[in-house]
Structure formats: C-alpha cells, structure tokens
Amino acid sequence: MPSISSDRAALCAGCGGKISDRYYLLAVDKQWHMRCLKCCECKLNLESELTCFSKDGSIYCKEDYYRRFSVQRCARCHLGISASEMVMRARDLVYHLNCFTCTTCNKMLTTGDHFGMKDSLVYCRLHFEALLQGEYPAHFNHADVA
C-alpha cells in the first residue's frame, strides 16, 4: 500500500473524492480509498483480495470476471480458460493441462495417454479398467461406509 505524500493529494478512482487517508490502494494504475475498491457486479470489497480484474474501466472480483468474460470453463476446477491457453479436450469437455488428471490417482494425462470417462469424470487406463470390472465404485458414497 503506497502512502500519500503531503505535497500532492490523490483522487479516488471509485468515488472521485480526495484521498486523505494515510494509505490507499493502487489498482489498474489508479488510486482508490480502501473502502472504494469493489467489484462492480457483486460489490465485494477487494481491499483484502489478492487479485482483481479490470475490463473496459470496470473492476471485477475473480468470480464475476470469469463468469462474464471467460469463453470456457475447465471441467475439473471450473475456472475460466483464456483463449490463448493450451487445453485438453475429452468429449465435449475442456480442461486446463494441469487439470486433466485421473479422478482416482490424480495422474496427469497427456496427449497419447489412454483414458476413460464415466459420468464426465476422467480416469487413467488402469483405474478405468478397474472401474469397468467393478473393483471400486465410481463415486464415494457415505452410505457405503458401515
């Protein structure tokens, strides 16, 4: 947090008022009162957030930015995928490279690896074959634990 020097007063990009507080926030090359840096959609105060996003002069929290401007979402982590990112595709689903992993053992799957899918979940070849043979249930179910 930069501090205001006494010789020049900053104006808040949020409210337009003079920043007379000892500290202010600097986001998108603009100065903000701590209370004024908020997501334009949900009004979440971004003072303590690690990131904020900007588009066409508006400030967004991560969730609202991805919801509004992300073209696609990763089927595993559900975060947005930018148009320039490398992805893995399986059926009609898209994954970040690091998210394309076996549901059971988390082994990262790469181009050329054999894998299977059940209920939109990805399995490495070994675990998919075990699933087909009925060695373990596809989903953990608390009713299965006695």
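Everything numeric in this text was worked out from a predicted model, so none of it was measured. No hydrogens, no waters, no symmetry mates; every other heavy atom, side chains included, goes into these values. Heads up: numbering here begins at 1 and tracks the sequence.
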For Glu41, the salt bridge (charged side-chain N to carboxylate O under 4.0 Å, His left out) test, sequence neighbours excluded, returns Arg67, Arg68
Any idea which heavy atoms bring [X] and [Y] closest together, and the distance?
X      : Y      : result
Cys12  : Cys36  : SG-CB, 3.6 Å
Cys105 : His127 : CB-CE1, 3.4 Å
His33  : Gly17  : CE1-O, 3.9 Å

Side chain to side chain, Ile59 and Leu46, heavy atoms closer than 4.5 Å: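 When only atoms from C-beta onward are counted, Leu46 and Ile59 do touch, with a gap below 4.5 Å.
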Check: Glu47 and Leu25 side chains under 4.5 Å, non-hydrogen atoms: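 A side-chain contact exists here, since the closest heavy-atom pair is under 4.5 Å.
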Ignoring hydrogens and angles, tell me if any N or O in the side chain of [X] forms a donor-acceptor pair with the backbone of [Y] under 3.5 Å.
X     : Y      : result
Glu85 : Ser82  : yes
Arg76 : Thr101 : yes
Trp32 : Leu26  : no
His96 : Met86  : no

Between Asp64 and Lys43, is there a side-chain N and carboxylate O pair less than 4.0 Å apart? no
Non-neighbouring partners of Phe100 that pass ring pair (Phe, Tyr, Trp, His ring centres under 6.0 Å), sequence neighbours left out: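 Only Tyr95, Phe115 meet the ring pair (Phe, Tyr, Trp, His ring centres under 6.0 Å) criterion with Phe100.
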Quick one: do [X] and [Y] end up in the same hydrophobic cluster if we chain Ile, Leu, Val, Met, Phe, Trp and Tyr together by side-chain heavy atoms under 4.5 Å apart?
X      : Y      : result
Met117 : Leu131 : no
Val28  : Leu44  : yes
Met88  : Leu79  : no
Phe128 : Leu121 : yes

How many angstroms lie between atom OG1 of Thr104 and atom CG of Leu126, to the nearest 0.5 angstrom? 9.0 Å
Roughly how far apart are Lys62 NZ and Cys39 SG, rounded to 0.5 Å?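 The SG atom of Cys39 is 13.5 Å from NZ of Lys62, to the nearest 0.5 Å.
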Could you walk me through whether Leu93 and Ser120 pass the side chain to side chain contact (heavy atoms under 4.5 Å, CB included) test, one step at a time? CA-CA 8 Å; Leu93 302 175; Ser120 297; 3.9 Å; yes
Evaluate Arg73 against Ile81 for side chain to side chain contact (heavy atoms under 4.5 Å, CB included), listing each step before the verdict. CA-CA 6 Å; Arg73 292 189 175 274; Ile81 299 174; 6.0 Å; no
Quick check: are there more than 12 heavy atoms from other residues, nucleotides or ligands sitting under 6.0 Å from CG of Asp29?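 Not more than 12 within 6.0 Å, no.
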Enumerate, atom names and distances included, each donor-acceptor pair closer than 3.5 Å involving a side-chain atom of residues 49-58, sequence neighbours excluded.
| residue | atom | partner | partner atom | Å |
| --- | --- | --- | --- | --- |
| Ser54 | OG | Ser58 | O | 3.4 |

Start with the C-alpha gap between Met108 and Leu97, add the side-chain angles, then the distance that decides, and say whether side chain to side chain contact (heavy atoms under 4.5 Å, CB included) holds. CA-CA 8 Å; Met108 186 177 289; Leu97 292 180; 5.8 Å; no
